[in-house]
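Single-structure report; data block below.
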Number of protein chains: 2
Amino acid sequence: MGKGRADARGSRTASARLLAVLDAFDAEHRALTLSALARRAGLPVSTAHRLVGDLLAWGGLERGDDGLLRVGLHLWEVAALAPRTIGLREAAAPSMGDLYEATHENVQLAVRDGLEVVFVERIAGRHAVPVLTRVGLRFPMSATGVGLVLLAFAPREVQEEALSSPLERFTERTVVDPRQLRSMLADVRRRGIAVSDRQVTMDALSVAAPVRGPDGDVVAALSVVVQADGAEPRTLAPAVRTAAAAISRSLAR
Amino acid sequence: MGKGRADARGSRTASARLLAVLDAFDAEHRALTLSALARRAGLPVSTAHRLVGDLLAWGGLERGDDGLLRVGLHLWEVAALAPRTIGLREAAAPSMGDLYEATHENVQLAVRDGLEVVFVERIAGRHAVPVLTRVGLRFPMSATGVGLVLLAFAPREVQEEALSSPLERFTERTVVDPRQLRSMLADVRRRGIAVSDRQVTMDALSVAAPVRGPDGDVVAALSVVVQADGAEPRTLAPAVRTAAAAISRSLAR
DNA sequence: GCCGACTTTCCGTCAGGCGGAAACCCGGGT
DNA sequence: ACCCGGGTTTCCGCCTGACGGAAAGTCGGC
């Protein structure tokens, strides 16, 4: 019988099939052949072929000179209308620029989706520490600086759920004990700033602050990532906090 | 040919219907009620209702607290995998940052799609001239700086087609005579730089240079937009050209 | 020239998409 | 209180056009 994922294949709606085609792409698979795509989507090739044809015509996919299929520009255009993307970016860009100019380090903006954070914008200097986050990527909330902020200010249910599932470990310093995490979160709420010290990679440290929407609830988190050794988070905190506040202010209008 | 418009409603494939739902959103309509959406997509409400349901479940749309429908984060995630988005952005970010720091003006990156340019990235300072372009927006090629660059280096057929259709006018200085445009393009090719002087709005001027892919063909255009009066394009040109060259270089590896 | 992997076309079957209609919900006007 | 208009959601019978197996076509490697 089939391998794991291709099971319920007879019983999917037409839309689900089309969306499965899109889901076949991810950060490791940005270019696919038709049959690889069909395989990953759990669809017969002939079906995939038709759906891909529709998507190509629409601009949701494009075929490169090498014949491989990739995500298309038109899809990106409509996706760029997502409220927590464009709107936030526009509002955040100037302050992020300021912060970058002041620090010359990676400046990142992220929002929460479910139990994960999604990075929506990033300004990366050429001299900044290389980090493994990238725009469009998901991360668990428990490790990163932005994650701590977004978790600390998330609704109760979300916090409970996040704390009840086992915490993913990245480094020896990653916090995996729920009790310890809980007290860190309280600390974040009190100080309005989060520090993730080597919790995601051993050479990086990030300082994050909440960005608030018009009605005061936290809608995003801003962070700066710096080299871990020798860095002094205390000096960064005020800059990050004020930049985040500036973004909040421009969201308010 | 045409990207989907709302047309003959009976004769559409299932996928086309789903994609029509997405196309109902644009820069002026980022949040829609179900019935408005149905109207714009040219679909019966009940059909739209089902499709929207599928998209909500998948994360392609989300329903705000106000009950309105908006483009969802998950759609944006997969769209972020588009090659001419993420890849370019990553490569371009540092140089764009440098250019911004040197000028403190709007720095923009655009690619060509069909007969139009699409802006894929922009760094906007708080002191920069307000411009009407925005990330994710389309523009005709004939007016903007980036458009001139992308048109000048586009394949013959594209140039012919662009020159044969009537050119859109934005200001009194917009070039609408094909002969004149043709000579401007030759000039752009010769000098490796394009200047759009008040051709899109009367207060702005942009200077653009080509970004080349690994095999030497022009894949994008980089531009700086400045206040039109008093600006001296000649001083900007070298900076833009070198930044664009730096991006080309980092694409080559 | 043969073989394997991928792409594209064809077509008979029948699941499930489609959309009209009716029920439901909600706020605002009188 | 009542109705009315606009939106949303549910229901269900008809019939279309999606589905996918199979075969033909294409390309490249050995």
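Order of the sequence lines sets the chain letters (A, B, ...), proteins ahead of strands, with each chain counted from 1.
- Where A:Thr33 and B:Ala14 each meet DNA chain C at their nearest nucleotide, the meeting point lying more 5' is that of A:Thr33.
- As judged by a 4.0 angstrom heavy-atom cut-off over every strand, B:Ser35 is placed among residues touching the sugar-phosphate backbone only.
- B:Leu37 has its CG atom 18 Å from the P atom of D:dG6, to the nearest Å.
- Atom-to-atom, CG of B:Asp54 to P of D:dT9 comes out at 14 Å; the value is rounded to the nearest Å.
- Rounded to whole Å, atom P of C:dC11 lies 16 Å from atom CZ of A:Arg50.
- When distances are taken from the side chain of B:Thr47 to each of C:dC6, D:dA22, C:dC18, the shortest belongs to C:dC18.
- In this model, the phosphate group of D:dG6 is not approached by any side-chain N or O of B:Arg39 to a distance below 4.0 Å at OP1 or OP2.
- Under the 4.0 Å criterion applied to side-chain N and carboxylate O atoms, B:Glu62 and B:Arg70 are not assigned as salt-bridge partners.
- Taking the side chain of B:His49 as heavy atoms from C-beta on, and the options D:dC19, C:dG20, D:dT9, the nearest nucleotide is D:dT9.
- Ion pairing between B:Arg40 and B:Asp26 holds under the 4.0 Å rule for side-chain N and carboxylate O.
- With respect to the salt-bridge test (charged N to carboxylate O, under 4.0 angstrom), the residues B:Arg89 and B:Glu121 qualify.
- Using a cut-off of 4.0 Å between Lys/Arg side-chain N and Asp/Glu carboxylate O, B:Glu160 and B:Arg156 are scored as salt-bridged.
- Of the residues near DNA chain C, B:Ser46 and A:Leu32, the one whose nearest nucleotide (by heavy atom distance) lies more toward the 5' end is A:Leu32.
- Taking side-chain N and O atoms only, B:Arg17 has a distance below 4.0 Å to OP1 or OP2 of C:dC18.
- Closest approach to the B:Thr13 side chain among C:dT9, C:dG20, D:dA18 is made by D:dA18 (side chain taken as heavy atoms from C-beta onward).
- As a whole-Å value, the separation of A:Leu61 CG from C:dT7 P is 13 Å.
- B:Arg112 and B:Ala154 make their closest contact through NE-CB, 3.9 Å (heavy atoms, listed as atom of the first residue, atom of the second, distance).
- Of the listed nucleotides (C:dT8, D:dG20, C:dG17), C:dT8 has the atom at the smallest distance from the side chain of A:Leu34.
- When the local axes at the two ends of the helix from C:dG1-D:dC30 to C:dT30-D:dA1 are compared, using 5 base pairs at each end, they differ in direction by 40° after rounding to 10°.
- Atom-to-atom, CG of B:Asp66 to P of D:dT8 comes out at 11 Å; the value is rounded to the nearest Å.
- Between A:Phe119 and A:Phe139, the angle of the ring planes goes over 60°, which puts this pair in the perpendicular group of the 30/60° scheme.
- C:dG16 atom P lies 17 Å from atom CG of A:Leu18, rounded to whole Å.
- Residue A:Leu43 contributes atom CG, which lies 16 Å from atom P of C:dC6 at whole-angstrom precision.
- Ring geometry for B:Trp58 versus B:His74: interplanar angle over 60°, hence perpendicular rather than tilted (30 to 60°).
- Between the P atom of D:dT16 and the CZ atom of B:Arg12 lies a distance of 18 Å, rounded to the nearest Å.
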